[in-house]
Number of protein chains: 2
Amino acid sequence: MVVTIKDVARLAGVSVSSVSRTLASPESVRPGTRERVLRAAAEVGYSPNAAARALTTGRTYNVGLVVPDLANPFFPTVVKAIQSRAREFDYSVLLVDTDEDPSAEVELIRKLVKQVDGFLLCGPRAADEDLRSFIGETPVVTVNRRVGPIPSVICDHTDGVRQAVGHLAALGHRAIAYVGGPRASAVNRERARGLRSMCTSMGIELVDLGNAAPNFDGGAAAADLVLAAPVTAVLAYNDLQALGLVSRFKERGASVPEQISVVGFDDIPLAGQVSPRLTTIAQRGDLLGRAAVDLLLDLLQDRVGAGGPRRVMPTQLIVRGSTGPAAA
Amino acid sequence: MVVTIKDVARLAGVSVSSVSRTLASPESVRPGTRERVLRAAAEVGYSPNAAARALTTGRTYNVGLVVPDLANPFFPTVVKAIQSRAREFDYSVLLVDTDEDPSAEVELIRKLVKQVDGFLLCGPRAADEDLRSFIGETPVVTVNRRVGPIPSVICDHTDGVRQAVGHLAALGHRAIAYVGGPRASAVNRERARGLRSMCTSMGIELVDLGNAAPNFDGGAAAADLVLAAPVTAVLAYNDLQALGLVSRFKERGASVPEQISVVGFDDIPLAGQVSPRLTTIAQRGDLLGRAAVDLLLDLLQDRVGAGGPRRVMPTQLIVRGSTGPAAA
DNA sequence: TTGTAAGCGTTATCAC
DNA sequence: GTGATAACGCTTACAA
């Protein structure tokens, strides 16, 4: 049998209310009482039943963490940061992987809504209206996506694109291609949009190669399209694709970056090491995750976040070797 | 206000018990009742409060999932499989990342013990006795580690080592080095032990290079030791290290596999693609995860697993390009 | 087959 | 400061 608050109360010779109070706000009981309670609790190894507590307080001390695909190396960083930060505040993390499926995402959130105090939606793939339907029901913070008034933590992807295009333009590139990611990804849309406007304003020609799978194979598959296009550089939706591009380029005998420059996004852990010359636009998944937790907790405390309901994190261009010249 | 079972009962014109019964075992109520209840439930969008249910039944429908480091690319595969399989049975997954810290591991498990029906411990780093202290208190399944009588799902790492050494021996290698992983990792110990016995029995000289960080840098750092050792091949604790070794070898001008053969473990997602010639011993993280969930659920149902409390999954040598000859 | 009511472990609202 | 006691939402004997 497990030990309950009653056992502690009996052992300490006080009522259950005193035990509860001692644990909740030790200063509200007489020192003598406090001591006996704490001693008793320690002796029997008491720890409160979360379900019972949730039932009375309405707070579960759980957060729902939803990610599109944990196999995408960008997310583990975020998830780690979130779980670590949440633990600092005694929150547990309920993890859900939606496998990039928008409808599964909605359904899973629905199922979890009573089990958590709030949600952290990382790069949610569901439609705006579906996401909006949750707000009001339960606190939600989106990561890397803006949905109406929902509080969010996002990276400044547009600025990232600006840096990348600026860099390529400075090297002399006049025409670049973009290999897109999941259609449902808001980050992908933002990158594509930013890219269009940047290229327009800088007089650079942009070839949109459509959407590819957000992984190595997706990039590799798109490589032939890139070579067939009249471009000297290619931006990929993420580093996995970029690695796939580089790999396939090598197979095709196209040297990187001499003949074709490749730029990825995210700065995922292994990429820079296995491909020491890969240029990428870094986003700090750890900072995103941490900030997201802090924002959600602010929401739960009914205190508006110091910086308002939206936080924007910087992105940073990382040129490891050389992105290479178009040097026409 | 949220909708409770009472609301449904009122709307359906029945008692709360009828609602409860309908949801739990529809066949136990009269069809008419059932229909009204279900209709009412759907109308108000009722979903049971997990905390309340947990309080009465003693079952949380949560499993605690503990991993040493989600940034290690082997684990996302396992975690994905676990969360997906758990969901099939309406179980939620509480994720904990211990950052390779054995004492944090124990503490975190302790904190979660009341919130879950059981634990899935992936490659736990804690000491046997600490782990054993949980058994009895709560159902536990370990993945890739055997601890006394605790049910487990493991890969046959010893056989993997056998395959690897056999392969290297066939190629003519007579002396090989081993770059170890975390001291607290049981998998590392098993690999090292298997390696020693295999080498002994096959008359191959083994140089143990001690423990290195289980990542790219750890491998890279160990590369110089390898080159200084009188060996023609090196086994790394995992693929990340193997990639680091290959990278550093290249810097040092040692060609792989002509001058030195490299074999990794795990067959992590990106490795084979960025390093198309990497030889590795694959373990199927997805199968491990799935089997672990099934085993834990068997435990929770008080039915002994069909295959007993321990399941062993195969490992497989994967030679992508060529491991390369010692060909002395 | 259905309803009533006790009880799960905790917190919160009262009196005292 | 402290102790009864009523919730919280649900399941489950037990009665009917």
Side-chain angles (χ1 to χ4, degrees), chain A residues 1-38 40-41 44-62 90 92 111-117 137-138, chain B residues 1-38 40-41 44-62 90 92 111-117 137-138:
Chain A
M1 212 17 222
V2 284
V3 10
T4 78
I5 200 173
K6 280 186 188 167
D7 301 313
V8 178
R10 195 177 311 125
L11 185 57
V14 299
S15 71
V16 292
S17 347
S18 290
V19 177
S20 181
R21 270 192 218 98
T22 305
L23 269 26
S25 41
E27 71 283 2
S28 70
V29 301
R30 200 183 306 168
T33 311
R34 184 188 319 155
E35 200 166 331
R36 269 179 299 148
V37 168
L38 292 178
V44 296
Y46 169 75
S47 85
N49 178 315
R53 179 174 285 181
L55 196 53
T56 44
T57 63
R59 308 202 58 174
T60 62
Y61 273 81
N62 288 155
D90 283 320
S92 297
K111 280 194 174 172
L112 245 57
V113 82
K114 305 278 264 285
Q115 294 183 55
V116 303
D117 293 343
E137 271 187 66
T138 183
Chain B
M1 207 23 218
V2 284
V3 13
T4 78
I5 199 173
K6 280 185 189 169
D7 302 313
V8 178
R10 197 176 313 125
L11 184 57
V14 299
S15 71
V16 293
S17 28
S18 288
V19 177
S20 180
R21 273 191 216 99
T22 305
L23 270 27
S25 41
E27 72 284 1
S28 69
V29 301
R30 198 183 308 168
T33 310
R34 184 190 318 156
E35 202 168 328
R36 269 179 299 145
V37 168
L38 293 178
V44 296
Y46 170 73
S47 85
N49 179 315
R53 180 175 282 181
L55 196 52
T56 45
T57 63
R59 308 201 62 176
T60 62
Y61 273 81
N62 289 155
D90 284 319
S92 297
K111 280 194 174 171
L112 246 57
V113 83
K114 304 276 264 284
Q115 294 181 56
V116 302
D117 293 342
E137 270 187 66
T138 184

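Side-chain atoms are counted along with the backbone in the values below, which use heavy atoms only and exclude waters and symmetry mates. Chain naming here is simple, since letters A, B, ... match the order of the sequence lines and numbering starts at 1 in each.
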Side-chain N,O (A:S18) to OP1/OP2 (D:dG3) below 4.0 Å: yes

Heavy-atom pair of closest approach, residues A:T4 and A:D7: N-OD2, 2.8 Å

A:E137 versus A:V113, closest heavy-atom pair with distance: OE1-CG2, 4.3 Å

A:R21 and A:V37: CA distance, side-chain angles, deciding distance, side chain to side chain contact (heavy atoms under 4.5 Å, CB included) verdict: CA-CA 10 Å; A:R21 270 192 218 98; A:V37 168; over 6 Å; no

Nearest-angstrom distance from the residue atom CG of B:L23 to P of D:dT12: 12 Å

Value in whole Å for how far the P atom of C:dA5 lies from CD1 of B:I5: 17 Å

Listed nucleotide nearest any side-chain atom of B:T33, set C:dT2, D:dG3, D:dT5: C:dT2

Residue A:P48, side-chain heavy atoms: nucleotide from C:dT10, C:dT2, D:dC8 that is nearest: C:dT10

Closest to side chain of A:V29, choosing from D:dT2, D:dC8, C:dT2: D:dT2

Minimum-distance nucleotide to B:R53 side chain [options: C:dC8, D:dG9, D:dT11]: D:dT11

C:dG3 phosphate, OP1 or OP2, under 4.0 Å from B:S15 side-chain N/O: yes

Gap between atoms CZ and P, on A:R59 and C:dA12 respectively (whole Å): 11 Å

d(OH, B:Y61; P, D:dC10) in whole Å: 15 Å

Contact summary for B:R34 and B:E27, nearest pair of heavy atoms: NH2-CA, 4.0 Å

Distance in angstrom units between A:R10 CZ and C:dG9 P, rounded: 11 Å

Distance in angstrom units between B:R21 CZ and D:dT12 C1', rounded: 8 Å

First of B:G13 and B:A52 reached from the 5' end of DNA chain C, by closest nucleotide: B:G13

Below 4.0 Å: OP1/OP2 of C:dC8 and any side-chain N or O of B:T57: no

Euclidean distance, atom NZ of residue A:K6 to atom C1' of C:dC8 [Å, nearest integer]: 9 Å

Main-chain N/O of A:V16 paired to A:S20 side chain as donor or acceptor, under 3.5 Å: no

Heavy-atom pair of closest approach, residues B:S17 and B:S15: OG-OG, 2.9 Å

Nearest-nucleotide 5' precedence on DNA chain C, B:S28 against A:V19: B:S28

Sugar-phosphate, base or nothing in reach of B:S20, heavy atoms under 4.0 Å: base

N/O (side chain, A:Y46) to phosphate O (OP1/OP2, C:dT10) under 4.0 Å: yes

Phosphate OP1/OP2 of D:dG1: any A:R30 side-chain N/O under 4.0 Å: no

hbond_proxy A:R34 side chain to D:dG1 base (donor-acceptor, 3.5 Å cutoff): no

d(CG, A:N49; C1', C:dG9) in whole Å: 6 Å

Sugar-phosphate only, base, or nothing, as touched by B:S17 at under 4.0 Å among non-hydrogen atoms: base

